[in-house]
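What follows is a single structure, written as structure tokens, with notes after it.
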Amino acid sequence: MATKLTGPVRVRFPPSPTGALHVGGARTAIYNDLLRRSLGGSMILRIEDTDRQRSDPEMVAQIQRALAWLGIEADEGPFLQSDRVEEHRAAARRLLEEGKAYHCFRTAEEVEEKRREAEKRGQTSFYRVFFEPPTPEEVARRLEAGESYAVRFRMPKGDIQFHDLVRGDVTFAEAVLDDFIILRSDGSPTYHLSVVCDDAHGGVTHVIRGEDHLSNVPKHIGLYRALGAEVPTFGHLPLIMGPDRKRLSKRTGAASVEEFRDQGILPQALYNFLALLGWSPGDDREVMSREEMTEAFTVERLVSSAAIFDYDKLRWMNAQYLSGEPLEEILSRLAPFLDEVGLADADAERLAAAVDLHRTRAYYLQELAGYIVPYFRERLDYDEDLCRKFLGQADLPAQLDLLTERFGAIEPFDLDGIETAIRGLAAEVEVKAGVLIHPTRMALSASKAGPSLFHLVEAMGQEASVRHLGNFTAYLRERSGSVEA
RNA sequence: GCCCCCAUCGUCUAGCCAGGUUAGGACACCAGCCUUUCAAGCUGGCGACACGGGUUCGAAUCCCGUUGGGGGUACCA
């Protein structure tokens, strides 16, 4: 089905640099990205740093890194909202001159008090019901006296109605609309003025953002009109909830992109998962490449109800990518995790073989790195509880001696040779193959679970296999001796 | 309080706009198959239209209400 929207579009992603990139923000960026890619057009990255106290310049780089990691590149920016405050002030001045805004000499405390009173009486508080705008004479007089003032926007008469891309028609009755501050008494522009100015200035055609902005739309539309700018098309995405059904936050679990990255989630998996949290292609596809998602993306398939973040499904999605992506891709994503466990310069060939063997068994890169460790460690530590069963088999050390010997003699050291050695020895000493297979797995990986043993031995290589097997046999002799004594 | 938004399995969702389906898929869970172990994979199972009124031959689908959830209500963004 063809979308009703036509490109090219101009979208934007405006994070505030007050913290790491949140997955909710990331999802908003993803839908903007998908919209831009599917319809053609461009995306602007704008850093919303109007709130100087809470803004941290460090965060800008961090947010950019997180976006780049996800594979989202803006066509323009990052622009800093604070770079254009002079333009924002000029806009406020213009509105003042045109009578579309007025000087407000009331203090915040005064207004607040009036509000509380009204609330106590069970009434809705409205600035413009309680206070009259000052007359020109009053303005002149108080300005003369050097009184400070804020600039308040005069909300135009009439209901505000608009068509939201994900919610359909939304109406705010005139009676519910109030005048609001656009320039603080310290001369700084408020968020509402700034976004509208910047979006208009940037020629933004589609504003896709979180539902927390839905009730700001009347203010923004009022401003666009007063400024003589074209009103963009809006789309408000439902928020992402945590398992507690409250807005997702770090309190209830990982909530920032970098946390997932550090846990070993692949960017492809997070992008795919987030895209599906509030959108579906309309058929049964779930694991989709960015190209497939771009191709299938339409705003009418955006879901309008809030979704709970499902960590389990993300984990599954990651496992899908872990086993499905090209090995080279996995290897390069795994590198930092190998670094962490001290395997920064492991032999590339053996590493690739080991990773390929374990990738279908891991949910996270971190976990995968853990599986690789035994391949490159000189000696392994064996857990006595896990080895209990083997410690009780008196014949085992002698059998493993024989196996170690045969492993050393296999030429070439390949799957066939390995299997023949194990099965052959088992037949000779008259035990089932499993009797040798399980302790050998323990010997090589210090774990009772893992890939098919023959493959494990092959990937481990002759030298390391013989070494681990020898060490393990010695361990068995030592422990069973001490247990008996 | 007031305003706006939302409501299908435990979770993500398809189906709704253009009423008629055994209400479909995925995650999770359970069972079986496969198997040298663990995963993966395959097969099957469990499991939902929030409630109440309408409209209609017929309602998950359309309308109204209730309940529940979310967001907003700033000289925060």
Does [N] pair with anything, Watson-Crick or G-U wobble, both distances under 3.5 Å, and if so, with which nucleotide?
N      : result
B:rU61 : none
B:rA18 : none
B:rG47 : none
B:rC27 : B:rG10

On the nucleotide [N], are OP1 or OP2 found under 4.0 Å from the side-chain N or O atoms that [X] carries?
X        : N      : value
A:Gln161 : B:rC4  : no
A:Ser215 : B:rU73 : no
A:Arg315 : B:rC27 : no
A:Arg247 : B:rG72 : yes

Residue [X], side-chain atoms from C-beta onward, closest of [options]:
X        : options                : result
A:Ala449 : B:rG71, B:rU37, B:rA39 : B:rU37
A:His438 : B:rC38, B:rU37, B:rG70 : B:rU37
A:Asp212 : B:rC4, B:rC27, B:rG71  : B:rG71
A:Asn216 : B:rA26, B:rA77, B:rU11 : B:rA77
A:Asp312 : B:rC3, B:rA28, B:rU11  : B:rA28
A:Ala108 : B:rG41, B:rC6, B:rC75  : B:rC75
A:Ser305 : B:rC6, B:rG70, B:rA77  : B:rC6

Checking all strands, does [X] fall into the base, sugar-phosphate, or nothing category for heavy-atom contacts under 4.0 angstrom?
X        : answer
A:His236 : nothing
A:Arg359 : nothing
A:Val303 : sugar-phosphate
A:Tyr363 : sugar-phosphate
A:Met241 : sugar-phosphate
A:Glu211 : base
A:Ala307 : sugar-phosphate
A:Ile308 : sugar-phosphate
A:Glu110 : nothing
A:Phe273 : nothing
A:Ser323 : nothing
A:Thr107 : base
A:Gly210 : nothing
A:Lys246 : sugar-phosphate

Write down the distance between [atom1] ([X]) and [atom2] ([N]), rounded to a whole number of angstrom.
X        : N      : atom1 : atom2 : result
A:Asp310 : B:rA28 : CG    : P     : 9 Å
A:Arg89  : B:rC75 : CZ    : P     : 18 Å
A:Glu419 : B:rU35 : CD    : P     : 13 Å
A:Arg441 : B:rU37 : CZ    : C1'   : 4 Å
A:Phe309 : B:rG10 : CZ    : P     : 21 Å
A:Arg209 : B:rG72 : CZ    : P     : 13 Å
A:Ile265 : B:rC27 : CD1   : C1'   : 14 Å
A:Arg152 : B:rA74 : CZ    : C1'   : 10 Å

Distance under 6.0 Å and angle within 45° of ring axis: A:Arg209 vs A:Phe234: no

On the six-membered ring of A:Phe79, is A:Arg84 placed so that its NZ or CZ lies under 6.0 angstrom from the centre and within 45° of the ring axis? no

Base of [N], side chain of [X] - is there a donor-acceptor contact under 3.5 Å?
X        : N      : result
A:Arg167 : B:rC5  : no
A:Thr190 : B:rC75 : no
A:Ser452 : B:rU36 : yes

From A:Glu458 CD over to A:Phe413 CZ, what is the distance, rounded to the nearest 0.5 angstrom? 8.5 Å

What I want to find out is whether A:Glu211 reaches A:Arg167 closely enough, with some N-O distance under 4.0 Å, to be called a salt bridge. yes

Taking only Lys NZ, Arg NE, NH1 and NH2, and the carboxylate oxygens of Asp or Glu, determine whether A:Glu109 and A:Lys114 approach each other closer than 4.0 Å. no

is_close_aromatic([X], [Y]), centroid dist under 6.0 Å:
X        : Y        : result
A:Trp279 : A:Phe297 : yes
A:His213 : A:His236 : no
A:Tyr311 : A:Phe309 : yes

Of the non-hydrogen atoms in A:Pro17 and A:Glu48, which two are nearest, and what is the gap between them? CD-O, 3.3 Å

Rounded distance in Å between the C1' positions of B:rG53 and B:rA48: 22 Å

Using the C1' atom as the reference point in each nucleotide, state the distance between B:rC29 and B:rU67 in Å, no decimals. 30 Å

Going by centres under 5.5 angstrom and planes under 30 degrees, do the aromatic ring of A:His213 and the base ring of B:rG72 stack? no

